[in-house]
Amino acid sequence: MTTLTLQSVGVRLDHVTKRFSGGVVAVNDVSFSVPAGQLVTLLGPSGCGKTTTLRLIAGLEQANGGTLCIGERDVTNLPPHERGIGMVFQSYALFPHLSVFENIAYGLRLQKHTHAEIRASVEMVLHLMNLVGLDQRMPNQLSGGQQQRVALARALVLKPRALLLDEPLSNLDAKLRVQMRTEIRRLQRRLGITAVYVTHDQSEAMSLSDLVVVMNQGRVEQIGAPIQIYGTPASVFVADFIGRANFIETTIVAVDAERNRASVSVLGWTLNVPCSSEFRAGDEVYAVLRPEVIRLRDEEGLARGEVRQAIYLGSFVEYEIEVGSQTLVVLDYEPWASRIFSEGSQVGILFREENVHLLRSKG
Amino acid sequence: MPQLFSRWRRVDLWLIGAVGLGILFVLLFIIYPLFQVISISVYDEGHLTLKPWQEMLALRNWWVPLWNTILLATIVGITSTLTGFIFAYAMQRVALPFKGLFRALAILPIITPPFLLALAAILLFGRNGLITAGLFGVRTSAIFGLPGLVLTQTLSEMPVAFLVLAGMLGSLDTSLEEASATMGATPRQTFFRVIWPLMRPGLANSFLLAFISSVADFGNPMVIGGDYSVLSTAIYMRITGLYDPPGAAVLSVVLLVPSLIAFYLQSQWVGKRSYVTITGKSSGRSRPWNDKLISSGATFVVILWAMTTILLYGSILVGSFANVWGVDYTLTLRHYLFIENLGFEPYINSLILAVVSAPLTALIGLLMAYIFVRRPFPGRWLLEFGAMLSFAVPGTIIGVGYILAFNAPPLVLTGTATIIIISFIFRNMPVGIRAGIAALSQIDPSLEEASAVMGARLPTTLRRVVVPLIIPAIFSGLVFSFVRAITAISAVIFLVSPRWKLVTPAILAEINQGRFGVAAAYSTIVVVTMITAILIAYRVSRQMGTTLELQA
């Protein structure tokens, strides 16, 4: 059994813009690159331009400006069939008139391979994708997960230089989705294939990606590893879209440029928090606090607040705490370690200065 | 709970009434006339006889009309499906300017009497034809017969094929084509390996629809058939020329065979084999990569077609003002004055009867659709079978059936407006039923259940919940019942009387008299009326916030 050997290459977008005939700018001056062999997700709310970006890479839409390279080749003006990519569609797009075998063989037949070559290649990916024995079925005789695997097999058998996936898991149920995303990640690593993956599901993006490109309104908001996107979001949008966050409006009192620290007043306390070099004293900022970095205690904390709501959700407890005029969301993932506070009780609030992230509040 | 049950019981009473009435109508106005036709071909003065059949088989070339009918229908099925597909492809997949205009021109034949195209073809290609005699100086009758029939029937069947195939192409998941492209297929390879095979059930469907329609066509063969005899005209000749009802009945039974076979195939086999899934994704958006040869080929066909259509309808318009077509093209109003002298009675009658029958057709169609979609009940097949027959049986046979069935007691209706209205209603009912079924299947039954649970009876539920939701479908049904009533010819030609003349038989009579100018003037009036009516309907439907659904 031969295995699939791929010549993966990087993908690069340089100031790519797509304007639709109605005047809508779906993709606005987008630049990023996907290193060869890595998996990059395009993450954002619906209508943010992530799917259009993917379709631009595939050649299904034509860019109005900018350059698009796959490997060393400028493909900006190439039709999709000359780009050497593979794509998995949200609807899978399996040909309903062709069997699983013929669906997978489709591209090979176009390339005029011999009968034996086609059979060998198809059987190899059937093995790879755990589809052995299903090759004579028609697409409508397959389960959602099987259809998904056929769609992947069909793209991989052509040894694409890059694999594009457009929300490939959104039609599966929750359990299968988690299972398939692990499978996709394992396969991608094993084959070392360059992949661009569109999703609106942040947990999918976090679990799959080497790099995440967060998009909003046709623009790139942030590019980074999952840990950077979550830990140090570059904008209010990113902080709000990825996970949950408490935003506390405040002003920088002083900046210690040498140690990259800033003094800010948070919930009535002056804290010395990490900051990047771009901030100056007097800047209006948000102090961003993730709900799980806050601890609630019986004893005095940094500040005191009142429990407005406590919802027990099994593995964690979700609180709404009122501190002065501010309402904080707090997630306690260790309720067994302390105790569950009842609504109306007074609590002390604790968090580490290191976990406060500063963001410019406007502009 | 008991209270709920008693409410449902009352609902059922209404339902039983509606179903009973439906079955009665179907038996009386569809099954009974058909039965009359069949029985007169084998039954004479109280005993079974095969005499009419023997007489027919004794004729030399008795099989010629049957063969001619099937040959013509097969050719037209292919030509109209292919042109319809090209048109649909151009509209859905090729970036073209003036799409609205092309669409309107493609659909125009639906709203005009079919044989107008035959009249136009004679004006252009006949012995004194503008193109044959005028342009090339050739005096020929070659257009009469198969060539003219193929041309005119293709033109009149193409809109149906176009609508069927455009709908199918429009709901084809475009990501299939995109997937093909990402796997290295050129647009042409995608066309032949994905689009074409996926469209095959639709193509077969539209072939059969065109086949059925061609077999049933009466107007075009009357006008341009020449020596090419088909069954529908042969039946008419038997009745009007030879007054031989048993002979006509025999030919009718022969005509029923290909019609019903094609209809059976269409509804049972093709109708259930479709790959189209509604994805809800918009399609038909401009695609950056297209095969030049295919799109320019399609564009060429569309433009050629549009020009032919303009030329044909234009020749009728010009013909209505030309003094003597082919000889003297000076403009004159004499044809219109001639009609004025005869009186506009046929035209006005057609309008009146169409206006009276359209709401009845829409209402009955809607009721039938409601029963089919929502209320399974024993004996439903009889209603469905009857409704199907009224679509599948050629109008000529219905016409013969009506004069046989309603010429003598218990029900004497011949010569009255009633019989014409009844024929309109039962000929056009399928249009209303299809519109109703399409609309109803989109409404969640729980809406009606909620209404019923809150204590509404069936009529109240229909009036307060169902009807408001399917107003657009009712309106479309109304408009197209009207259109079909005005343009009908095959059945009503047997039913018109000196008191109730209609416009289509009047035009046909003028053509047969060779008064092409008068026929063209009459036709122009009808076409202008239909276009005006459709434009008003569009305006009204837009004001209701919906769009008029075009139906074949």
Side-chain angles (χ1 to χ4, degrees), chain A residues 18 20-22 51 54-64 76-98 102-113 138-140 150-151 154-160 162-167 171, chain B residues 92-97 99 168-205 270 272-295:
Chain A
K18 174 66 192 177
F20 282 114
S21 48
T51 294
L54 194 79
R55 292 170 60 84
L56 284 164
I57 301 173
L60 299 171
E61 309 283 355
Q62 208 173 2
N64 299 104
T76 317
N77 294 309
L78 281 186
H81 62 273
E82 289 171 21
R83 294 193 179 193
I85 42 95
M87 184 154 172
V88 176
F89 290 79
Q90 188 173 7
S91 61
Y92 313 139
L94 299 182
F95 301 128
H97 60 301
L98 299 180
E102 285 304 322
N103 261 285
I104 298 173
Y106 183 85
L108 299 170
R109 290 205 190 283
L110 296 171
Q111 292 173 3
K112 312 264 183 250
H113 287 280
M138 296 305 277
N140 62 10
V150 174
R154 191 176 70 169
L156 289 175
V157 78
L158 295 170
K159 303 179 179 170
L163 180 64
L164 311 177
L165 302 109
D166 183 11
E167 309 216 16
N171 286 336
Chain B
Q92 296 282 354
R93 295 289 194 270
V94 180
L96 265 184
K99 270 192 186 169
M168 211 169 162
L169 260 178
S171 48
L172 207 62
D173 186 354
T174 46
S175 61
L176 294 174
E177 292 155 56
E178 293 171 354
S180 169
T182 62
M183 284 186 277
T186 62
R188 194 175 314 173
Q189 287 171 321
T190 301
F191 181 85
F192 286 110
R193 284 169 183 256
V194 178
I195 299 177
W196 180 259
L198 287 177
M199 290 300 291
R200 269 190 307 227
L203 295 167
N205 189 21
V270 178
K272 284 166 189 161
R273 271 181 58 89
S274 172
Y275 295 123
V276 171
T277 47
I278 309 297
T279 56
K281 276 197 169 178
S282 69
S283 71
R285 63 161 123 178
S286 68
R287 46 205 47 238
W289 322 107
N290 231 328
D291 188 75
K292 293 232 163 52
L293 192 69
I294 291 175
S295 24

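From a predicted model like this one, the values you see are computed outputs, not experimental measurements. Residue numbers start from 1 in every chain, and the chains themselves are labelled A, B, ... in the order their sequence lines are given, proteins ahead of strands.
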Problem - Residues which pass side chain to side chain contact (heavy atoms under 4.5 Å, CB included) with Ala151(A), listed by chain and number, not counting sequence neighbours - result: Val88(A), Tyr92(A), Leu94(A)
Practice task
Could you go through the side-chain contact (heavy atoms from CB on, under 4.5 Å) check for Arg193(B) and Leu110(A) one step at a time?
Solution key: CA-CA 10 Å; Arg193(B) 284 169 183 256; Leu110(A) 296 171; 3.5 Å; yes
Handout entry: By side chain to side chain contact (heavy atoms under 4.5 Å, CB included) - contacts of Leu293(B) (at least two apart)
Key = Arg188(B), Asp291(B)
Exercise for the section: Give the C-alpha distance, both sets of side-chain angles, the deciding distance and a yes or no for side-chain contact (heavy atoms from CB on, under 4.5 Å) between Phe89(A) and Asp173(B). Expected result: CA-CA 11 Å; Phe89(A) 290 79; Asp173(B) 186 354; over 6 Å; no
Handout entry: Residue part contacting chain B, namely of Ile85(A), when any heavy atom lies under 4.5 Å
Key = both
Problem - Spacing of OG1 belonging to Thr182(B) relative to CG belonging to Leu60(A), to within rounding of 0.5 Å - result: 7.0 Å
Problem - Pairwise distance CG(Leu198(B)) to NE2(His97(A)) - rounded to 0.5 angstrom - result: 5.0 Å
Handout entry: Pro187(B) and His81(A), any side-chain heavy atoms less than 4.5 Å apart
Key = yes
Handout entry: Closest non-hydrogen atom pair between Tyr106(A) and Val194(B), with its separation
Key = OH-CG2, 3.3 Å
